[in-house]
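Note: hydrogens, waters and symmetry copies are ignored here, and every other heavy atom, side chains too, is used. It should be emphasised that the depicted structure is a prediction, and the values quoted were computed from it without experimental measurement.
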Amino acid sequence: EENKWFDETNVPPLARFHDKPTLIKAMVTNDLQLLSLMLNPVMDIKTDDHAKISLYDAESGENYVTIGNEIATTNSKGEISFSTEAVVNFLKISQEVANSLKGNQEDANSLKG
């Protein structure tokens with residue numbers, strides 16, 4: 001087996017991140033409340049702008065995230081294609097932030113309290 005020092009997890013796509021600096025700040029400063037406000041579901045990933053999120057869980061216990069906005073454009077024939085806009089590459093994040101990104105759909109129940 002090749003030296004795979006981390007596990008990659010693709011989490012369900014979310015709505016496109018428009019405010020990239022605030023998103024990055026929320027992840028770096030561990031502001032889970034701010035982060036949760038920015039994690040919005042995407043209606044239809046075949047037609048709508050959305051964000052692709054990959055989490056990397058290192059054997060050392062460190063977590064990293066790569067996020068790309070997938071931006072939809074429609075050509076004259078009505079065909080939709082996506083261009084990728086990088087948001088962050090291998091940003092080091094806490095376990096809590098990783099969990100927030102990972103569990104964005106399921107964790108909604110636990111927030112009701």
Side-chain angles (χ1 to χ4, degrees):
E1 194 181 338
E2 79 277 22
N3 60 354
K4 191 175 171 208
W5 55 274
F6 56 74
D7 289 323
E8 180 179 355
T9 310
N10 288 307
V11 299
L14 291 165
R16 172 186 177 185
F17 293 111
H18 290 280
D19 187 348
K20 293 186 284 187
T22 301
L23 173 70
I24 293 164
K25 182 177 167 229
M27 291 192 293
V28 170
T29 61
N30 225 26
D31 189 338
L32 301 180
Q33 198 171 2
L34 177 60
L35 182 61
S36 69
L37 295 173
M38 303 189 73
L39 303 181
N40 296 305
V42 59
M43 289 306 152
D44 186 352
I45 64 166
K46 292 187 191 73
T47 56
D48 297 344
D49 292 353
H50 58 279
K52 271 190 183 162
I53 302 171
S54 300
L55 292 172
Y56 302 93
D57 186 5
E59 283 176 7
S60 60
E62 292 174 322
N63 294 282
Y64 297 86
V65 65
T66 293
I67 300 174
N69 280 329
E70 298 289 314
I71 298 165
T73 48
T74 309
N75 67 15
S76 55
K77 297 181 195 155
E79 297 161 339
I80 293 170
S81 63
F82 289 93
S83 56
T84 303
E85 170 192 67
V87 178
V88 290
N89 283 310
F90 278 96
L91 179 72
K92 191 175 172 188
I93 54 171
S94 70
Q95 187 66 56
E96 292 85 1
V97 168
N99 291 345
S100 296
L101 293 168
K102 217 179 281 186
N104 44 59
Q105 275 81 357
E106 299 87 66
D107 281 7
N109 301 333
S110 61
L111 293 175
K112 288 179 189 140

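- For the atom pair L39 CG and L14 CG, the distance stands at 5.5 Å (nearest 0.5 Å).
- Of all heavy-atom pairs between A51 and A15, the closest is CB-O, 3.8 Å.
- For the pairing with S54, the side chain to side chain donor-acceptor pair (under 3.5 Å) check across T66, N10, N89 returns one residue only, N10.
- Rounded to the nearest 0.5 Å, atoms OG1 (T29) and CD1 (I24) are 11.5 Å apart.
- With sequence neighbours excluded, no residue satisfies salt bridge (charged side-chain N to carboxylate O under 4.0 Å, His left out) with K25.
- Listed by chain and number, the residues in a side-chain contact (heavy atoms from CB on, under 4.5 Å) with N30 are L32, S94, E96, V97 (sequence neighbours excluded).
- A salt bridge links K92 with E62; the closest basic N to acidic carboxylate O contact falls under 4.0 Å.
- With sequence neighbours excluded, the residues satisfying side-chain contact (heavy atoms from CB on, under 4.5 Å) with K46 are D44.
- From D19, atom CG reaches atom CE of M38 across 4.5 Å, with rounding to the nearest 0.5 Å.
- The heavy-atom pair separating V42 from P13 by the smallest distance is CG1-O, 3.7 Å.
- If you chain together hydrophobic residues whose side chains sit under 4.5 Å apart, L35 and L91 fall into the same group.
- At a threshold of 4.5 Å between non-hydrogen side-chain atoms, the residues L101 and V65 count as touching.
- Partners of Q33 under the side-chain hydrogen bond (donor to acceptor under 3.5 Å, both in side chains) rule, at least two apart in sequence or in another chain, do not exist in this structure.
- For S83, the side-chain hydrogen bond (donor to acceptor under 3.5 Å, both in side chains) test picks out no residue, with sequence neighbours left out.
- Criterion: ILVMFWY side-chain heavy atoms under 4.5 Å apart, direct or through other members. Under it, V28 and L55 are part of a common hydrophobic cluster.
- In this structure, the side chains of K20 and E85 come closer than 4.5 Å at one or more pairs of heavy atoms.
- For the atom pair CG (L23) and CE (M27), the distance works out to 4.0 Å, reported to the nearest 0.5 Å.
- A distance of 15.0 Å separates NZ in K52 from CZ in R16, rounded to the nearest 0.5 Å.
- For I80, the side-chain contact (heavy atoms from CB on, under 4.5 Å) partners two or more places apart in sequence, or in a different chain, are T47, A72, T74, F82.
- The line from CG of L34 to OG of S100 is 11.0 Å long, rounded to the nearest 0.5 Å.
- Although no hydrogens or angles enter the test, the distance criterion places a donor-acceptor pair under 3.5 Å between the side chain of N69 and the main chain of F17.
- Y56 and F90 have parallel rings, their planes meeting at less than 30° on a 0 to 90° scale where 60° marks the start of perpendicular.
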